[in-house]
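A note on names: the letters A, B, ... follow the listed sequences, proteins ahead of strands, and every chain is numbered from 1. Every heavy atom of this structure was used, including side-chain atoms; hydrogens, water molecules and symmetry mates were not.
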Amino acid sequence: MSKEITSRASDYSQWYNDLVIKGSLADYSAVRGCMVIKPYGYALWENMRDVLDRMFKETGHQNAYFPLFVPKSLFEAEEKNAEGFAKECAVVTHYRLKSDPDHKGKLIVDPEARLEEELVVRPTSEAIIWNTYKGWIQSYRDLPLLINQWANVVRWEMRTRLFLRTAEFLWQEGHTAHATSQEAQQETLQMLKVYATFVEEYMALPVIRGVKSESERFAGAVDTYCIEALMQDGKALQAGTSHFLGQNFAKAFDVKFSDRDNKLDYVWATSWGVSTRLIGALVMAHSDDEGLVLPPRIAPLQVVIIPIYKGAEKKDLLDARARDLASRLKTAGVRVKFDDNDNARPGWKFAEYELKGVPLRLAMGLRDLENNTAELARRDTREKTNVSMEGLVERIVQLLEEIQQNMFNKALIFRDEHISRADTWSDFERLLDEKTGFISAHWDGTAQTEEAIKEKTKATIRCIPLDNVPEQGACILTGKPSSQRVLFARAY
RNA sequence: CGGGAUGUAGCGCAGCCCGGUAGCGCACUUCGUUCGGGACGAAGGGGUCGCAAGUUCGAAUCUUGUCAUCCCGACCA
């Protein structure tokens with residue numbers, strides 16, 4: 001009908017775009033590569049943000065806000081980091097427009113108003129933050145410094161996709177300073193764990209925790225840890241990263257502290273972030289050909305109640321019962337909507353809320369009024385059951401949890417079925433093409449081999465899993481000795 | 001950034017080749033009948049045809065430029 005969705009089988013990319021646009025998560029904008037996040041999509045982000053923000057605060061972090069602009073001289077201070085981002089930086093060069101003398105009503109950049117020093121629009125905030133930390137840290141008593149910021153960043157991407165890769169996106173970036181290397185490394189792993197917990201328990205998406213190979217490492221980091229998730233098309237998606245920065249930024253920005261013995265040393269740093277890209281992961285991991293499927297814990301709307309009536313007959317009774325149920329659900333902490341919009345037929349509403357991924361739908365008609373029942377439909381399994389109004393609130397609360405669990409289990413089974421071991425190159429290529437997903441294989445540890453594999457297959461090393469067991473073997477490509485398997489996949 | 005495609009009412013499209021002042025379906029408004037899986041009838045409203053130049057008596061239609069989106073590639077923590 002009016003909101004037909006492309007099926008996953010016919011065109012996975014188009015299916016994804018259809019869900020994002022027709023599910024009202026986002027819209028294209030007049031700016032290349034930038035999207036508008038619509039209220040429904042933003043509500044989803046707000047729910048994710050609120051949970052994460054609570055988790056950050058529980059682990060001792062405070063929020064702050066740093067500027068959007070970074071003077072170029074600061075930006076280039078940490079060389080590796082600067083080089084890594086240089087190609088995708090937006091740069092502010094002027095601070096004024098003026099009327100175009102040749103075209104009435106048009107504006108031109110005022111050539112007189114060139115900035116003495118160009119400003120880089122932050123692709124990430126290490127530079128401006130470490131420049132600031134220099135003034136905040138003198139002694140070990142100022143450490144650890146545990147700060148997070150919710151912000152937008154800009155990376156001038158050549159090819160963009162809604163939520164997955166846009167020129168501007170929303171994220172949080174944690175930036176911490178510590179007195180010892182060990183403490184900073186603990187922080188790095190702690191935040192990785194926070195991310196894994198959030199993604200698994202709230203987004204119902206199983207992740208693999210691991211460490212990146214050198215070529216996939218964050219520019220300026222000593223170690224980059226990540227959580228990797230698997231999408232329904234068998235491609236991997238990096239869902240979050242946490243970096244141990246060593247003393248790289250402290251040295252670049254001269255951030256020293258006096259220890260207990262009054263000896264000066266550079267501080268140890270971490271940074272970590274997740275972005276609106278998580279919404280893309282959520283969509284691609286759980287949804288089906290009917291639309292979005294959202295996990296109850298972060299769904300903007302958990303239950304929708306749809307009345308079914310004939311004329312005005314007993315409509316008041318029906319409304320009263322629905323409103324009463326809605327109010328009791330709200331009291332129980334459930335995000336519920338009673339959709340008594342008279343413009344749409346029930347069938348239309350059913351399809352609409354399925355498209356939007358609302359976990360539970362409750363239909364109540366005159367029959368139900370007589371029988372003291374309602375029709376309950378699950379979005380995840382598309383099961384419909386007739387239920388009694390007795391104890392319905394408790395049943396719904398319990399069912400929402402069940403849906404959350406079911407979604408995670410389903411994704412977990414899919415993910416585990418898509419981790420394959422390959423011991424020969426032909427198996428490696430075949431599994432990658434035919435089975436897709438993660439391929440666990442030996443690698444000789446060199447960037448050259450990694451690059452060669454990428455060129456041949458488009459697969460990259462997603463991570464070296466943290467729970468890896470050492471195992472002697474031969475590199476899948478070169479046959480050179482290897483001490484452990486790593487996970488390869490084609491990725492977003 | 002290279003190759004291909006698209007842009008006409010909120011959405012989906014026709015009209016363009018062959019220039020003559022814009023149409024269809026859905027949605028929207030009003031009224032009535034309806035309502036357990038995307039209702040039906042009647043009467044209405046809504047578009048400087050992505051934007052800008054140019055050709056022409058006249059441009060949605062032809063030419064050039066530009067912007068955005070999609071697909072493929074290159075690129076990408």
Side-chain angles (χ1 to χ4, degrees), chain A residues 1-6 11-14 16-18 20-22 24 27-35 80-81 83-89 103 105-106 123-124 126 153 155-162 164-167 171 173 211-221 223-226 228 238-243 245 271-275 277 290-291 306-315 318 340-355 361-371 373-375 377 382 384 386 454-455 458 460 462-463 491-492:
Chain A
M1 300 300 282
S2 60
K3 283 194 172 176
E4 199 68 45
I5 294 170
T6 306
D11 186 342
Y12 192 85
S13 296
Q14 194 55 47
Y16 173 79
N17 288 333
D18 283 357
V20 172
I21 299 293
K22 292 176 179 169
S24 299
D27 245 342
Y28 294 110
S29 75
V31 193
R32 181 204 286 276
C34 295
M35 66 175 176
K80 282 197 175 130
N81 186 253
E83 269 175 34
F85 285 109
K87 278 180 290 183
E88 43 191 319
C89 286
H103 299 90
K106 304 287 182 186
T124 179
E126 272 80 2
V153 287
R155 295 177 189 179
W156 215 259
E157 302 287 353
M158 286 294 125
R159 190 171 164 184
T160 57
R161 296 200 61 191
L162 295 165
L164 297 175
R165 183 175 289 118
T166 47
W171 77 345
E173 46 181 326
V211 63
K212 286 290 187 188
S213 67
E214 187 183 345
S215 51
E216 296 274 327
R217 188 183 297 156
F218 175 68
D223 280 313
T224 287
Y225 296 86
C226 62
E228 292 284 329
Q238 178 177 296
T241 51
S242 184
H243 315 288
L245 302 173
S271 71
W272 28 274
V274 295
S275 71
R277 191 177 210 215
E290 311 303 320
I306 296 171
I308 298 163
Y309 49 87
K310 298 185 196 303
E313 187 199 352
K314 294 185 178 169
K315 185 169 183 307
L318 201 56
D340 63 343
N341 179 0
D342 197 31
N343 291 344
R345 310 266 60 75
W348 193 91
K349 292 178 185 176
F350 290 177
E352 183 67 12
Y353 289 106
E354 276 168 17
L355 171 60
R361 178 186 75 230
L362 211 54
M364 293 172 62
L366 296 184
R367 277 206 310 264
D368 295 305
L369 210 52
E370 284 168 21
N371 303 334
T373 56
E375 183 194 75
R382 309 200 72 210
K384 286 197 283 198
N386 285 303
K454 185 181 174 183
E455 248 174 59
K458 288 183 186 170
T460 50
R462 300 320 301 156
C463 69
Y492 278 98

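- Between the CZ atom of F85(A) and the P atom of C76(B) there is a distance of 13 Å, given to the nearest Å.
- No side-chain heavy atom of K349(A) sits less than 4.5 Å from a side-chain heavy atom of R361(A).
- Looking only at side-chain heavy atoms (C-beta outward), T6(A) and Y12(A) stay at 4.5 Å or farther from each other.
- Between E228(A) and K212(A), at least one side-chain nitrogen of the basic residue sits less than 4.0 Å from a carboxylate oxygen of the acidic one, meeting the salt-bridge criterion.
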N/O-N/O pairs, protein side and nucleotides 1-6 of chain B side, under 3.5 Å:
none

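- Considering only side-chain N and O atoms, N17(A) lies under 4.0 angstrom from the phosphate OP1 or OP2 of C71(B).
- At a threshold of 4.5 Å between non-hydrogen side-chain atoms, the residues V20(A) and Y28(A) do not count as touching.
- Nucleic acid contact for R345(A): base, since at least one base atom lies under 4.0 Å from a heavy atom of the residue.
- The number of heavy atoms from other shown groups lying within 6.0 Å of CH2 (W171(A)) is above 12.
- Atom NZ in K314(A) sits 6.5 Å away from atom CG in L366(A) (nearest 0.5 Å).
- Where S29(A) and Q238(A) each meet RNA chain B at their nearest nucleotide, the meeting point lying more 5' is that of S29(A).
- The side chain of K384(A) lies closest to G37(B), out of C75(B), G37(B), G38(B).
- The separation of C49(B) from U8(B), taken at their C1' atoms, amounts to 4 Å, rounded to a whole angstrom.
- In terms of polar N and O atoms assigned as donor or acceptor, the side chain of R361(A) comes within less than 3.5 Å of the base of G37(B) in a complementary pairing.
- Counting heavy atoms from C-beta outward, T224(A) and E216(A) have side chains that stay 4.5 Å or more apart.
- Across all strands shown, G240(A) has no heavy atoms under 4.0 Å from either base or sugar-phosphate atoms.
- E88(A) is not listed as a side-chain neighbour of M158(A), based on a closest heavy-atom distance of 4.5 Å or more.
- When the nucleotides C71(B), G36(B), G73(B) are ranked by their closest atom to the side chain of K458(A), G73(B) comes out on top.
- Residues F218(A) and D342(A) each lie close to RNA chain B; by heavy-atom proximity, the contact nearer the 5' end of the strand is made by D342(A).
- Residue R161(A) contributes atom CZ, which lies 16 Å from atom C1' of C75(B) at whole-angstrom precision.
- When distances run from any side-chain atom of Y28(A) to the nucleotides A39(B), G37(B), C70(B), the shortest one goes to C70(B).
- Rounded to whole Å, the C1' atom of U55(B) lies 13 Å from the corresponding atom of U61(B).
- A straight line from OH of Y12(A) to C1' of C72(B) spans 19 Å, rounded to a whole angstrom.
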Item to complete: Take R161(A) and N17(A), measure what side-chain contact (heavy atoms from CB on, under 4.5 Å) needs, and give me the verdict at the end.
Response: CA-CA 8 Å; R161(A) 296 200 61 191; N17(A) 288 333; 4.0 Å; yes

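- Between V153(A) and P123(A) the shortest side-chain heavy-atom distance does not fall below 4.5 Å.
- Rounded to whole Å, the distance from CG on D11(A) to C1' on C72(B) is 12 Å.
- Spacing between G38(B) and A74(B) at atom P, rounded to whole Å, works out to 46 Å.
- Rounded to whole Å, atom C1' of C76(B) lies 15 Å from atom CH2 of W156(A).
- Across all strands shown, G54(B) forms a Watson-Crick or G-U wobble pair, both distances under 3.5 Å, with C62(B).
- As rounded to the nearest Å, G50(B) and C70(B) have C1' atoms that lie 15 Å from one another.
- With both pairing distances under 3.5 Å, C70(B) is matched to G4(B) as a Watson-Crick or G-U wobble pair.
- Distances shown here put a side-chain N or O of K87(A) below 4.0 Å from the OP1 or OP2 atom of C76(B).
- Pairing of A39(B), defined by two Watson-Crick or G-U wobble distances under 3.5 Å, is identified with U33(B).
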I'd like a list of close polar pairs between nucleotides 28-30 of chain B and the protein, N/O only, cut-off under 3.5 Å.
none

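- Note: CD (E352(A)) to C1' (A27(B)) measures 12 Å, nearest angstrom.
- A donor-acceptor contact closer than 3.5 angstrom is absent between the side chains of R217(A) and S215(A).
- Comparing G20(B) with U63(B), their P atoms sit 15 Å apart, to the nearest whole Å.
- When both distances must be under 3.5 Å, the Watson-Crick or G-U wobble mate of G44(B) is C28(B).
- The side chain of S13(A) approaches C71(B) more closely than any other nucleotide in the set U34(B), C71(B), G36(B).
- Between the P atom of C35(B) and the CZ atom of F350(A) lies a distance of 14 Å, rounded to the nearest Å.
- Rounded to whole Å, the P atom of A60(B) lies 27 Å from the corresponding atom of G44(B).
- Distance CG/L362(A) to CD/E375(A): 9.0 Å, rounded to 0.5 Å.
- G65(B) sits 33 Å from C24(B) when the C1' atoms are compared, rounded to a whole Å.
- Side-chain contact check for F218(A) versus T241(A): every heavy-atom pair is 4.5 Å or farther apart.
- Set against G38(B), C35(B), C76(B), the side chain of E157(A) has C76(B) as its closest nucleotide.
- One atom, CG of N341(A), and another, C1' of A39(B), lie 15 Å apart when rounded to the nearest Å.
- Scanning atom types as modelled, one donor and one acceptor separated by under 3.5 angstrom connect the side chain of E354(A) and the base of G37(B).
- Across all strands shown, G23(B) pairs with C13(B); the Watson-Crick or G-U wobble distances both stay below 3.5 Å.
- When the nucleotides U34(B), C76(B), G37(B) are ranked by their closest atom to the side chain of R382(A), G37(B) comes out on top.
- Spacing between C13(B) and U6(B) at atom P, rounded to whole Å, works out to 12 Å.
- The partner of C75(B) is absent, by the rule that a Watson-Crick or G-U pair needs both atom distances under 3.5 Å.
- Nucleotide C18(B) has no partner under the Watson-Crick or G-U criteria, as no pair reaches both atom distances under 3.5 Å.
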